[in-house]
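As a basis for the values below, the full set of heavy atoms in this structure was taken, side chains included, without hydrogen atoms, waters or symmetry mates. Just so it is clear, the structure is predicted and the values come from calculations on it, not from any experiment. Position 1 is the first residue of the sequence; numbering continues from there.
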Amino acid sequence: MSSAPTRPIEIPPFQLQPLISDVPPPSNTSAVIRHRSTGSGDFFGTGVSPLDLFSRVTNAAPRPSGPSRDAQQASSTQREIVCAQALNKDIFVGCSDGTLMRYTAKEEDNYSGDPYHIVSQQVVPGGKPIDRIVLVPFLCKALVLSGGTLHFYTLPSLDALPPAQISPLRGVLTFSLDENALRVHPNYPTTSIDEKGVNAIRLAIIRRRSIVVFALGDRLRQLG
């Protein structure tokens with residue numbers, strides 16, 4: 001059996017550059033970036049997750065063999081990047097101390113320094129590590145899972161939705177969204193299941209003893 005040789009794919013010249021070299025520390029401690037989870041984010045439609053382009057950066061000084069009390073306290077308050085998602089010119093970052101940050105691309109075409117700068121940061125209620133971030137562009141919403149609670153934010157500003165509109169869901173192990181609706185153009189979702197014909201997407205909430213399906217639109221409505 002023989003096979004015809006394949007032409008190698010021609011890759012144009014490119015340059016790898018860290019997008020975010022550091023995160024603001026919670027206090028006077030150092031910040032450590034850990035590539036723990038990439039999620040399902042796509043970097044500007046290239047198929048590359050933004051965390052795949054992050055460089056491992058740390059400002060932490062070498063520790064002595066016997067860590068002091070101050071060093072132990074600093075270790076307990078270190079901030080780590082846990083997950084991230086990208087949309088257009090923004091990168092949304094979730095940290096181990098519950099901090100949710102939004103970075104946006106600098107306007108000037110300057111390759112010196114970081115191409116992104118932080119524009120907002122906040123701590124999710126409870127201050128637990130942020131396990132997952134999922135963006136729903138055509139609904140202008142971001143779903144953030146932290147400490148078993150699913151929070152809902154607006155895009156791109158990351159304003160928390162008022163409980164009168166959508167209350168956080170508690171006791172959540174994980175969740176799943178209709179992937180087909182997430183892949184299409186933001187203005188043309190494939191799923192419209194709201195009873196009033198408003199754009200919506202199916203959201204499955206997995207709890208320890210149950211799975212509940214909702215229609216997520218302007219509001220949250222349980223199905224079935």
* **For Thr104, all residues meeting side chain to side chain donor-acceptor pair (under 3.5 Å), sequence neighbours excluded** => Asp90
* Non-neighbouring partners of Gln121 that pass side chain to side chain contact (heavy atoms under 4.5 Å, CB included), sequence neighbours left out -> Pro24, Arg79, Thr99, Met101, Ile118
* Asked: Listed by chain and number, what are the side chain to side chain contact (heavy atoms under 4.5 Å, CB included) partners of Ser120, not counting sequence neighbours?
  ->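 Arg102.
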* Please report the shortest heavy-atom distance between Tyr153 and Pro125, naming the atom on each side. => OH-CD, 3.9 Å
Does the side chain of [X] reach to within under 4.5 Å of the side chain of [Y], using non-hydrogen atoms?
{"X": "Ile206", "Y": "Val172", "result": "no"}
{"X": "Leu177", "Y": "Arg202", "result": "no"}
{"X": "Leu169", "Y": "Phe152", "result": "yes"}
{"X": "Val93", "Y": "Cys95", "result": "yes"}

* Val123 with Ile130, same ILVMFWY side-chain cluster at under 4.5 Å -> no
What pairs of donor and acceptor atoms, side-chain ones from residues 207-214 against any protein atom, are under 3.5 angstrom apart with sequence neighbours left out?
residue, atom, partner, partner atom, Å
Arg207, NE, Arg170, O, 3.1
Arg207, NH2, Arg170, O, 3.3

* **Value rounded to 0.5 Å, distance of CD1 in Ile205 from CG in Leu203** =>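 So the CD1 of Ile205 and the CG of Leu203 are separated by 4.0 Å.
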* Is Gln122 reaching over with its side chain to a backbone N or O of Leu100, donor-acceptor style, under 3.5 angstrom? -> no
Distance-only criterion, 3.5 Å: show the donor-acceptor pairs between side-chain atoms of residues 136-149 and protein atoms not counting sequence neighbours.
residue, atom, partner, partner atom, Å
Lys141, NZ, Gly217, O, 3.0
Ser146, OG, Lys128, O, 2.9
Ser146, OG, Pro129, O, 3.2

* Stepwise side-chain contact (heavy atoms from CB on, under 4.5 Å) check, Phe175 with Arg132 -> CA-CA 10 Å; Phe175 65 96; Arg132 189 180 176 196; 3.9 Å; yes
Scan the side chains in residues 161-168 for donor-acceptor partners under 3.5 Å anywhere in the protein, sequence neighbours excluded, and list what turns up.
residue, atom, partner, partner atom, Å
Gln165, NE2, Asp218, O, 2.9
Ser167, OG, Pro163, O, 3.0

